[in-house]
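Note sheet for the following structure.
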Amino acid sequence: ALGVARDRDRPFHIHCGAGDPDIDLAHAGPVNLWPLLVDYARQPIVLIHTGYPWIQDAAYIASVLPHVYLELSELIPWGWSMVEGSLEAILGTAPAAKVLYGSDEAGEPEMFWLAASKARAALGRVLAGFVERDDLTHKEAERFARMVLGENAARLHGFRMER
């Protein structure tokens with residue numbers, strides 16, 4: 001499947017981390033994907049769920065492997081109490097250009113809105129903290145927010161965003 005995606009110039013999404021009761025947690029962490037990720041170094045790969053609960057491992061992998069991206073679902077809205085700390089760890093380690101918003105929602109329309117609202121607010125608070133600590137300028141924080149909330153996914157998947 002990775003070869004087909006590569007031949008068609010498409011990113012490949014891999015479910016990584018927790019999320020379903022039938023997952024074998026001993027093998028679900030992103031570190032276990034390292035050999036595969038290295039073997040497919042020219043194939044853009046998105047780690048669905050950001051490797052939750054091994055978020056720091058996934059962020060490190062995305063920071064050193066230029067073709068690995070992180071998708072934020074499982075945190076949003078399900079990990080609501082740890083979204084900000086997780087976003088801070090992710091954006092403090094992995095390039096913002098490799099982080100994609102995701103809500104892990106598949107059904108209820110109200111949850112799409114709730115997840116997006118919570119993600120936007122949490123991301124705003126985390127980026128404001130980076131600005132307050134002089135880690136980013138206000139303009140850079142705004143750029144990071146646009147990237148994470150839509151521009152990165154559009155670029156990676158070949159979609160054009162209209163403003």
Side-chain angles (χ1 to χ4, degrees), residues 11-34 36-38 44-108 110-157:
F12 192 82
H13 294 232
I14 297 177
H15 185 281
C16 179
D20 297 310
D22 61 342
I23 290 174
D24 181 351
L25 289 179
H27 302 287
V31 170
N32 295 308
L33 289 171
W34 183 263
L36 178 77
L37 298 172
V38 170
I45 296 174
V46 179
L47 301 182
I48 305 279
H49 299 330
T50 314
Y52 171 84
W54 303 279
I55 292 165
Q56 291 179 323
D57 292 343
Y60 171 76
I61 289 169
S63 76
V64 296
L65 295 178
H67 65 293
V68 175
Y69 297 80
L70 304 175
E71 184 265 351
L72 296 173
S73 70
E74 192 65 24
L75 285 173
I76 304 166
W78 309 117
W80 62 271
S81 67
M82 53 189 248
V83 172
E84 290 177 36
S86 298
L87 284 173
E88 188 162 335
I90 291 164
L91 291 171
T93 305
K98 296 171 75 180
V99 179
L100 315 172
Y101 167 75
S103 71
D104 197 39
E105 281 306 311
E108 303 84 13
E110 297 83 4
M111 289 301 289
F112 294 126
W113 175 85
L114 178 63
S117 178
K118 287 196 165 295
R120 186 179 184 112
L123 182 61
R125 288 187 295 269
V126 168
L127 293 173
F130 287 170
V131 170
E132 186 176 306
R133 291 190 308 263
D134 291 326
D135 296 332
L136 294 175
T137 66
H138 185 62
K139 187 175 182 176
E140 289 168 333
E142 287 178 349
R143 191 176 107 249
F144 277 27
R146 285 191 309 274
M147 291 165 57
V148 170
L149 294 174
E151 289 176 1
N152 293 340
R155 183 187 73 256
L156 181 63
H157 294 93

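For clarity, every value in this text was computed on a predicted model and none was experimentally measured.
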Are any side-chain N or O atoms of [X] and backbone N or O atoms of [Y], one a donor and one an acceptor, separated by less than 3.5 Å?
X    : Y    : answer
R120 : L149 : no
S86  : M82  : yes
E71  : H49  : yes
H67  : L37  : yes
K98  : V68  : yes

Any idea how W34 and Y60 line up, ring-wise: parallel (<30°), tilted (30 to 60°), or perpendicular (>60°)?
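Aromatic pair W34/Y60 classed parallel.
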Contact check, side chains of [X] and [Y], non-hydrogen atoms, under 4.5 Å:
X    : Y    : result
L33  : L47  : yes
P44  : L156 : yes
L136 : F144 : yes

How many angstroms lie between atom [atom1] of [X] and atom [atom2] of [Y], to the nearest 0.5 angstrom?
X    : Y    : atom1 : atom2 : answer
M147 : E140 : CE    : CD    : 10.5 Å
M111 : K118 : CE    : NZ    : 9.0 Å
Y101 : S73  : OH    : OG    : 9.0 Å
S63  : I90  : OG    : CD1   : 12.0 Å
T93  : I61  : OG1   : CD1   : 12.0 Å
L87  : L123 : CG    : CG    : 6.0 Å

Using every non-hydrogen atom in the two residues, find where [X] and [Y] come nearest and quote the distance to one decimal.
X    : Y   : value
A89  : A59 : O-CB, 4.3 Å
A122 : V83 : CB-CG1, 3.6 Å
W54  : A18 : CZ3-N, 4.3 Å
I48  : H13 : CD1-ND1, 3.3 Å
A94  : A62 : CB-CB, 4.0 Å
I23  : G17 : CD1-O, 3.4 Å

Around atom CD of E84, are there more than 12 heavy atoms of other residues, nucleotides or ligands at under 6.0 Å?
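Enclosed.
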Counting neighbours of NE2 on H15 that are heavy atoms of other residues, nucleotides or ligands and sit closer than 6.0 Å, is the number greater than 12?
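Yes, enclosed.
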State which residue, out of L100, L72, L127, fulfils the side-chain contact (heavy atoms from CB on, under 4.5 Å) condition with V148.
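In the set L100, L72, L127, the residue that makes a side-chain contact (heavy atoms from CB on, under 4.5 Å) with V148 is L72.
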Using the rule given for side-chain contact (heavy atoms from CB on, under 4.5 Å), can you reason through I45 versus L36, listing the C-alpha separation, both sets of side-chain angles and the distance that settles it, and then say yes or no?
CA-CA 10 Å; I45 296 174; L36 178 77; 5.5 Å; no
